[in-house]
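Have a look at the structure below, then the notes.
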Protein chains: 2
Amino acid sequence: MTTAPLSPAPAATRQVIKFDAPLPLDSGQSLAPFSLAVTTYGTLNAERSNAILICHALTGDQYVAEKHPITGREGWWNLLIGPGKVIDPAKYFIICSNVLGGCMGSTGPLEIDPATGKPYAIHFPVITINDMVRAQARLIDHFGIDTLFAVVGGSMGGMQVLSWAAHYPERVFAALPIATSYRHSAQNIAFHEVGRQAIMADPDWRNGDYPDAGCVPARGLSVARMAAHITYLSEPALHRKFGRSLQDRSAVTFGFDADFQVESYLRYQARPSWIGSTPIPTSISRARWIISISPPSSARCQKPLRAVRRASACSPSPPTGCSPPRKAGRWCML
Amino acid sequence: MTTAPLSPAPAATRQVIKFDAPLPLDSGQSLAPFSLAVTTYGTLNAERSNAILICHALTGDQYVAEKHPITGREGWWNLLIGPGKVIDPAKYFIICSNVLGGCMGSTGPLEIDPATGKPYAIHFPVITINDMVRAQARLIDHFGIDTLFAVVGGSMGGMQVLSWAAHYPERVFAALPIATSYRHSAQNIAFHEVGRQAIMADPDWRNGDYPDAGCVPARGLSVARMAAHITYLSEPALHRKFGRSLQDRSAVTFGFDADFQVESYLRYQARPSWIGSTPIPTSISRARWIISISPPSSARCQKPLRAVRRASACSPSPPTGCSPPRKAGRWCML
């Protein structure tokens, strides 16, 4: 894969948009008011036909093409989004919002519950993929957009893309779900249970009321993050990348050091400085989404896939002034 | 698979055998004195040719064919070992010892370090598979056995079998490694790193000196045990067994309950009563073995497999009075 040349980050517009009308959730509860923190790049054209919605993954947020204000890391999709790149703000109006419950500015466990005047914390409703998408639809309404030119995302972002295609097929011209699934397997569910239990085993979890106690279950979060990172590469890929190679040494040390490269990689991903500088409720709420990525009924699980096939079969004319992204083929290789 | 009929547990002889001569370890350290806790069934014949050594897995111990004195669970290989079963004490002298470092009576982190008068705890040397087997060879010497009729074991027990075949090929007539490998993959290493970090993240770990502090890192151990249980079934098997089935309910509860059967299974395996009644140092020391299942050099890693092929090619005559187990084919299906 050729690395895209480095170029200046696109000019970004950041805003937090508040919605007063209650948002019904899959759980039967509703949220009101709620806010979404949004970054946009480029300009919506007169026909409102050039909008691309980027859906982020479990570990992502709205800082898709610029330096992250907390971690200092580059935008997570710098490779694709920017001047002269596949998704070019000169051509498209690019929208990326922090998902509902994401806590990087969108309403989530760290926000104040108007009913109590305290952070929602553990009492924040369990959010599903469909809930995230229902909130995003409100955002699209806010921008006056009837039909998105594309909805794009990988992993959990890809699940949102499938939900868009299933529930709002008439509002999506092209759906690009990447490296995703319409449901979690038993192993996926198991991994997330381990992650949640690691967080809850930390005494600083305080039964979920850690914000009030002024502490952070950082050790549990580190372990959860390490477990999650096992799943971000397939077993063969993990072996290709690390094998049994040692980390900066020629022999094992027969101790508890990270002798193997893969151990060092996991520790790096879970390093305290990273955990400490990340809004913890983000991860906490992540743990909550997973429980209901899709309903357990197989019939309902199939719905998004049927919708994707239908969208593909209908194939409306491209919106005025737009053409399919020139290098769309590359997206599927990511 | 047909379940073997229930039959009385075979008569067991339990002993703890102490060895005074130092045991050299792969780490370069040595242990002296050291003890192995051993259970035997049946009688060694006059030719000393009917001995079968059973090697236990990470979560096993020497209670292979009888009720466990602490957990109350049935012997972990009741199906195979007992009167009228594949490995019959009427025919074979069956030996199963708690591995070195295992802490069910064999020398391990809970034992008193003669140099300090306090439990070894974190200061117990890191033990490798080869170390376990080197200690078992002393045990076989103790019984006056030149050649074992068979060495049998699954998972980590199978790794010991491979080590026996590699390092003592002249002392093993038949080696039966089951569901095992001669080395850990990157993913295996990663899983064990997560388990260790979960234990060490527990404040009751006390930097490894928890026995002196009179506490047990039980929460960390629970999480480590849950992570390990993800690996005990392949992904397709996990999905066949649990799928996305719900646990005693018809819909998800949108909370932190174990809604899915696989979540309930993991919680059951890590239940506090089980963790609390298990000698914790066993698990702690387990965490230590894993780091060096085999040396990282691929050339050295291949040695056990070459030895197994060689043992298979040489095929010495069966020891007097012995024949291969009648249903040996079943072993490979376990």
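Chain A is the first sequence line, chain B the second, and so forth, proteins listed ahead of strands; every chain is numbered from 1. In what follows, every heavy atom counts, from backbone to side chain, and hydrogens, waters and symmetry copies are set aside.
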Report task. Find the one option among B/H229, B/M226, B/H239 whose heavy-atom pairs under 4.5 Å with chain A are most numerous. Result ->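 If we count pairs closer than 4.5 Å to chain A, B/H239 comes out on top.
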
Pick from B/S185, B/A186, B/S245: which one has the most heavy-atom pairs with chain A under 4.5 Å?
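The option with the most such pairs is B/A186.
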
Picking from [options], which has the most non-hydrogen pairs under 4.5 angstrom with chain B?
options	value
A/G220, A/G28, A/A198, A/A258	A/A198
A/R240, A/M200, A/Q29	A/M200
A/L233, A/I230, A/L25	A/I230

For B/K118, enumerate each residue passing the side chain to side chain contact (heavy atoms under 4.5 Å, CB included) test, keeping only those at least two apart in sequence or located in another chain.
->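 Residues passing side chain to side chain contact (heavy atoms under 4.5 Å, CB included) with B/K118: B/T116, B/D212.
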
One thing to verify: whether A/R219 and B/D202 come together as a salt bridge, which I'm taking to mean a side-chain N less than 4.0 angstrom from a carboxylate O.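 Here B/D202 does not pair with A/R219 in a salt bridge, since their nearest N and O are not under 4.0 Å apart.
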
Under a 4.0 Å threshold between the charged nitrogen and the carboxylate oxygen, would A/D209 count as salt-bridged to A/R206?
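Not counted as a salt bridge, because no side-chain N and carboxylate O are separated by less than 4.0 Å.
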
Please look at B/F191 and chain A and tell me whether the side chain, the backbone, both or neither of the residue comes under 4.5 angstrom of a heavy atom of that chain.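 For B/F191, backbone and side chain are both near chain A.
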
Under 4.5 Å from any heavy atom of chain A - which part of B/L266: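 The answer is the side chain of B/L266.
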
TODO: Verify whether the ring centers belonging to A/F260 and A/F242 lie closer than 6.0 Å.
DONE: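 That pair fails the under 6.0 Å test.
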
Looking only at heavy atoms, which two atoms of A/W205 and A/P217 are closest? And how far apart?
->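 For A/W205 versus A/P217, the nearest heavy atoms are N-CB, 3.8 Å.
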
Closest non-hydrogen atom pair between B/R138 and B/P22, with its separation:
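So the minimum-distance heavy-atom pair works out to NH2-O, 2.9 Å.
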
